[in-house]
Structure formats: structure tokens, C-alpha cells
Amino acid sequence: MKKKVLAVLLCASMVFGLAACGSTAPAATDNAAAPAATEQAAPAAAEKTDAPATETAAANPVEGKKVAYIMLLPSASIFQMWKDSCANLCEKMGVQFDFFFCDGDFNKWQDTIRTCASAGYDGLLLSHGNQDGSYVFLKEITEQYPDMKIVTFDTQFYTDGQYQKLPGVTQFFQQDDSLVTVLLDSMIEKFGEGVRLMKVWRGPNYNSPFDRREVGWQAYEKAGKIKTVEEVQPLQDTPESANTVFAAALQKVKREDVDGVVVYYDAYGQGVFQAIKENPNFGGDNKLPMASVDIDPVDITNMQNEPEIWTAAGTTDWTLNGEIGMRILFLEMANEYDKIYDPASGKTGVDYVEIPGSAILAKDLKPDSTVENLGAIAADTYGNLDYLSETDWMPKNLLH
């Protein structure tokens, strides 16, 4: 009994003790081999229920339950949007919600999951787990706590040289290749096919999202739509590191030999942006345009102030992403796996969900544009309510 009380107190104290953070998950060796979405049935043990199906559908089956969002990375604007969306849905559904940011520390992420599992949480929404260790660790957790449901975001399951599945666990991603291709499309629209581009990323095999984004680049390059002039790799996941290495790279290329830059991570983009501005050959009268994946308030300000340099950002609606992830978790908790919807394939009852990317163009931004209201200027793929999984007890318009 003392151990149980201690576990509950420890998990509760984490809500107030963990600070927020930003890095990325380690990663795929062969993204083309990543598992496709497959139809997912509720685990055998989960199919047993005393209540008739019609009775379950009429009521709210998750009311009174307890869930948590556990993010490996530090806090950032987009992750706070995710967290707030989860909190709003939980409040609407009568579910207790806690959240934890783990400062990029995989051991801390694992310890937090273990503590919450032992404290009796009904469901966990887990984000950015390391590919190298997440499968083995979460397999152990699901076996030790078979009644607790899990949904992962940006977390590949990879071991023994291949991608794996965990029964009953839904994997949720941004459609990372499209986050890059929407930016490439914007460059092609401006310069035509064969556009000459510099690429800023870390890889291959540095982290899963980057490898998944590289799939889009490689497809366009093989098709002759783009040409890689220079590949630049920051040494650390910071704007400062990106600034240093990209400033050096600009010394090696002539302005007339490059049309634009595509950056796989907006933290790198902030460093690249400063390097371009500080170089008179690239930030003067003939500015070098760049585009980046992800978006935060700093990016929007830079795009508003210097739209000829920072021309676009490829992203998804992080407010909607949080709601999508929590809805999937609720459906698992209600054993309604057949209702889990994948916008990328248009199928339901899947265990692999992807959200298509959208290009936020600098030329479309308004003076009052913020991370929270980008839906007003973005394409229909951004913040699309049709991407939500739903049931009669959890309709799409619940928060909208």
C-alpha cells in the first residue's frame, strides 16, 4: 500500500517539477521500410465487456479516467498548443489530464512513463520517443500494464534491423515527406523544375522525422524536379550551430549558382536566416530565399519582416494534432479501435496515422498572424476537422 501511495505522489509531483523543452527523436535507417498503416483490431483482452455495444455508444466511456501527455523534448510553442488542445478535450470529456516535458532526456521520459503506469493512469499519449530504445521499453510496459492504453507520436518502433508493431498501440505522425515537398513545390513554382537548392538537415539515420522528410527530397531529386547544390549539417540542434555552419557554406558557393534553401527544422532555419541576412552577397539586393519545416512565433515574425528571405514554412496544425492524438487514445480506452481514422489513407481501424503537411507562405501572412490563427491564411489541409476520429459520444464539433 505504501508503494502505491508513493507512486501516486511521485507522478503527481512531476506535473509541477518538470520543465519544458526541444530536440528530436533518433531514427530510421530505411524509411521506405517503415510499416504501412494496417487495420487494427482491439486486443483480445480488451474485447471483453459487460455492457452492450449500444449502451457504450450512448454514454461517455472515458469519463472519470486519467491520462497524461509525456513529451521527450523541452517545451516549445507548438508543443504547448498540443498540450492545451489535449487539456481542452479532456475537460470536455470529464477526463483528468496531466502533462510532462522531459528536457530531451530519454531516461527521464522512460522514468515518467513507468511512474505514471504504476500510479494507475488509464492512458498515455507519448511523444518523440527514441527509435533505438522505444520499442523494447514500451513492449515491456504494455506487457506489465496490459489495461493501460498507449498512443505514440513521432516514435518509430525499430529493432533487430526492422520496423516493429506493438499490438494495441497506435503510432501517429506528421506526414513528414509532405512537410518537405510542399516547400519544394513553392520553390519550383518560383524557379521552375530543376531549381538549384541548398539543403540543411542532419542525417541520414540521425532521427526518424528527418529521415522521413528526406524521402520527399529524394523523390523530387530523382524525378529531376530539384538539384542539390550543397548539403549543410549543423553540429548541434541549435540556431547558433546552424548559423555557424551555414555561414561557412555560403563562403563556398556563388549567389548565381543557387536559387534557394530548404531547412528540415525551424530551429536550424533561424540560424540560416541570420546567416543569409549577415552576408551581403545573399542578403543584399539579390536575397536568397529559404523555407523551413515546423513553425513558431519567431519564424512568423521573421517571415513578416523579411518575406523575400524566409518565404515559407511546412507544418501541420499543432492544436489539431493534440486533439487528434487524444481522440485516438480515448478510442483505444473505449476499445473502439475500428473508429481510429487516418487522413493520409482515408481508412479507419488503422494503427498508423499520418497528418498531411501544409505550406504557410510569407506572402499570405497578415500583420496579426500568429501560430494560433494560421488557419485563416493556410490551405484546407491545415486544421481540417475531417482529420478527426469521431464517435457518437465524441463528435467532431465537440471543441469547434
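Bear in mind the structure is a predicted one, so any value in this text is a computation, not a measurement.
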Working for side chain to side chain contact (heavy atoms under 4.5 Å, CB included), residues Val293 and Gln174:
CA-CA 11 Å; Val293 175; Gln174 297 182 96; 6.0 Å; no
For Met394 and Leu331: C-alpha separation, side-chain torsions, deciding distance, then whether side chain to side chain contact (heavy atoms under 4.5 Å, CB included) applies.
CA-CA 9 Å; Met394 189 170 58; Leu331 289 171; 4.0 Å; yes
Apply the test side chain to side chain donor-acceptor pair (under 3.5 Å) to residues Trp393 and Glu336: give CA-CA distance (whole Å), side-chain angles for both, the deciding distance (0.1 Å), then the verdict.
CA-CA 11 Å; Trp393 50 267; Glu336 296 189 24; 3.0 Å; yes
Yes or no on ring pair (Phe, Tyr, Trp, His ring centres under 6.0 Å) for Phe153 and Trp318, after CA distance, side-chain angles and deciding distance?
CA-CA 12 Å; Phe153 181 72; Trp318 282 81; 5.6 Å; yes
Apply side chain to side chain donor-acceptor pair (under 3.5 Å) to residues Lys277 and Gln274 and explain how you reach the verdict.
CA-CA 5 Å; Lys277 283 190 65 177; Gln274 290 300 326; 5.2 Å; no
Run Asp351 and Gln171 through side chain to side chain donor-acceptor pair (under 3.5 Å) and show every step you take.
CA-CA 6 Å; Asp351 58 8; Gln171 293 175 275; over 6 Å; no
Would Val169 and Thr142 count as a side chain to side chain contact (heavy atoms under 4.5 Å, CB included) here? Give the steps.
CA-CA 9 Å; Val169 175; Thr142 57; 4.0 Å; yes
Tyr268 vs Asp237, test: side chain to side chain donor-acceptor pair (under 3.5 Å). Steps then yes/no.
CA-CA 7 Å; Tyr268 302 161; Asp237 294 329; 2.4 Å; yes
For Phe330 and Val95, run side chain to side chain contact (heavy atoms under 4.5 Å, CB included): C-alpha distance rounded to whole Å, both residues' side-chain angles, the deciding distance at 0.1 Å, then the answer.
CA-CA 10 Å; Phe330 286 171; Val95 174; 3.8 Å; yes
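When all heavy atoms are compared, the tightest approach of Ala275 to Ala247 is CB-N, 3.9 Å. Across all non-hydrogen atoms, the minimal contact from Pro356 to Thr316 is O-CG2, 3.4 Å. Contact detail for Thr381 and Ser358: the closest heavy-atom pair is OG1-OG, 2.5 Å.
Using bins of under 30°, 30° to 60° and over 60° for the plane-to-plane angle, the ring pair Phe106/Phe137 lands in the perpendicular bin.
Surrounding CG of Asp380 are at most 12 heavy atoms belonging to other residues, nucleotides or ligands under 6.0 Å away. Residue-environment remark: NZ (Lys65) stays at or below the threshold of 12 foreign heavy atoms within 6.0 Å. Counting non-hydrogen atoms of neighbouring residues, nucleotides and ligands closer than 6.0 angstrom, the CD atom of Glu278 exceeds 12 such neighbours. Within 6.0 Å of atom NZ in Lys139, 12 or fewer heavy atoms from other residues, nucleotides or ligands are found, so the atom counts as exposed in its surroundings. No more than 12 heavy atoms of other residues, nucleotides or ligands lie within 6.0 Å of CD in Glu91, so this atom counts as exposed by the packing criterion. The number of heavy-atom neighbours closer than 6.0 Å to CD of Glu143, taken from other residues, nucleotides and ligands shown, is above 12.
For the residue pair Asp98 and Tyr121, a side-chain donor N or O sits within less than 3.5 Å of a side-chain acceptor on the partner. Using a 3.5 Å distance cut-off with no hydrogens or angles, the side chains of Tyr220 and Asp185 do pair a donor with an acceptor.
Just one of Lys199, Glu221, Arg196 meets the side-chain hydrogen bond (donor to acceptor under 3.5 Å, both in side chains) condition when paired with Thr228; it is Glu221. None of Trp109, Phe79, Phe173, Tyr69 except one satisfies the ring pair (Phe, Tyr, Trp, His ring centres under 6.0 Å) rule with His128; the exception is Phe79.
Cluster membership check: Val298 does not share its hydrophobic cluster with Val200, using side-chain heavy-atom separations under 4.5 Å among Ile, Leu, Val, Met, Phe, Trp and Tyr.
Using a distance-only test at 3.5 Å, with no hydrogens or angles considered, no donor-acceptor pair links the side chain of Tyr163 to the main chain of Gln156. With hydrogens and angles disregarded, no donor-acceptor distance shorter than 3.5 Å links the side chain of Ser389 to the backbone of Ile340.
Residue Leu166 holds its CG atom at 8.0 Å from CD1 of Ile150, rounded to the nearest 0.5 Å. For the atom pair SG (Cys102) and CG (Asp111), the distance works out to 9.0 Å, reported to the nearest 0.5 Å. The distance from atom CD1 of Ile300 to atom CD1 of Ile360, rounded to the nearest 0.5 Å, is 8.0 Å.
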